[in-house]
Chemist: 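So that we are looking at the same thing, I have put the structure below in structure tokens.
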Amino acid sequence: MTMDWQGAPASPSSYTVKRILRLEIPVDTYPNFNFVGRLLGPRGNSLKRVEATTGCRVYIRGKGSIKDPDKEEKLRGRPGYEHLNEPLHILIEADLPANVVDIRLRQAQEIIEELLKPVDESQDYIKRQQLRELAMLNSNFREESPGPSGSVSPFNSSGMKRAKTGR
């Protein structure tokens with residue numbers, strides 16, 4: 001029987017489970033839609049917000065996941081960049097207690113699937129919110145209607161840094 005740090009038997013909820021979910025990005029169906037930009041949001045805040053609310057890590061992988069196509073071409077085939085030979089996709093990784101891992105993974109999946117739905121630009125509420133947030137981050141936003149102002153982002157103005165990983 002395993003013991004936790006206090007000497008009591010460990011409960012099943014204290015075991016962490018690692019799960020990875022892969023979501024395909026429909027770039028073949030919608031070649032002109034900027035999926036990566038929509039997923040990242042201004043300064044990566046949309047993706048950081050998904051990670052902060054769900055406790056999952058989200059990785060954009062595959063052909064087109066690196067901003068600079070020349071750099072991507074140079075990295076293709078190198079160790080650690082094998083994913084560049086695959087179509088564009090998302091990996092959602094959860095390393096959480098067994099009693100919440102599936103719920104959090106599903107929550108992250110639902111949010112990301114919503115971001116992956118191509119919408120006509122005139123009706124794209126998410127893009128309008130992202131542009132509004134970017135304007136606030138750049139300190140040149142002017143509120144069109146009276147109301148409470150402040151950053152749309154739950155993170156401070158200096159931005160939330162994402163930890164570097166070996167992936």
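In this text the structure is predicted, and so the values were computed from the model without any measurement.
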Chemist: Does the side chain of Ser65 reach to within under 4.5 Å of the side chain of Leu88, using non-hydrogen atoms?
Modeler: yes
Chemist: Do Asn138 and Arg43 come close enough that some side-chain heavy atom pair is under 4.5 Å?
Modeler: yes
Chemist: Quick one: CG on Leu47 to CG on Leu39, what's the gap to the nearest 0.5 Å?
Modeler: 7.0 Å
Chemist: Applying a strict under-4.5 Å side-chain criterion to I, L, V, M, F, W and Y, I'd like to know whether Phe35 and Leu23 cluster together.
Modeler: yes
Chemist: Nearest 0.5 Å please: distance from the OG1 atom of Thr16 over to the CG atom of Asn99.
Modeler: 11.0 Å
Chemist: Test your reading of the model: is there a side-chain donor-acceptor pair from Arg19 to the backbone of Ala94, 3.5 Å cut-off?
Modeler: no
Chemist: Any side-chain heavy atom of Leu91 within less than 4.5 Å of one from Leu21?
Modeler: no
Chemist: With a 4.0 Å cut-off, would you call Glu72 and Arg76 a salt bridge?
Modeler: yes
Chemist: Out of curiosity, Glu93 CD to Ile90 CD1, how far, rounded to the nearest 0.5 Å?
Modeler: 13.5 Å
Chemist: Does Tyr81 have more than 12 heavy atoms from other residues, nucleotides or ligands lying within 6.0 Å of its OH?
Modeler: no
Chemist: Hey, could you give me the NZ/CZ distance between Lys117 and Phe33, rounded to the nearest 0.5 Å?
Modeler: 12.0 Å
Chemist: In Å, rounded to the nearest 0.5 Å, how long is the span from CZ of Arg106 to CD of Gln109?
Modeler: 8.5 Å
Chemist: If you look at every heavy atom in Glu51 and Val58, which pair is closest and at what distance?
Modeler: OE2-N, 2.9 Å
Chemist: Taking His89 for the side chain and Ile25 for the main chain, is one N or O donor matched with an acceptor at less than 3.5 Å?
Modeler: no
Chemist: Just so I know, are the side chains of Thr54 and Ile92 near enough to count as touching, which here means a heavy-atom distance under 4.5 Å?
Modeler: no
Chemist: For the side chain to side chain donor-acceptor pair (under 3.5 Å) test, which of Arg22, Lys63, Arg61 pairs with Glu86?
Modeler: Arg22
Chemist: Rounded at 0.5 Å granularity, tell me how far CG in Asp68 sits from CD in Glu73.
Modeler: 11.0 Å
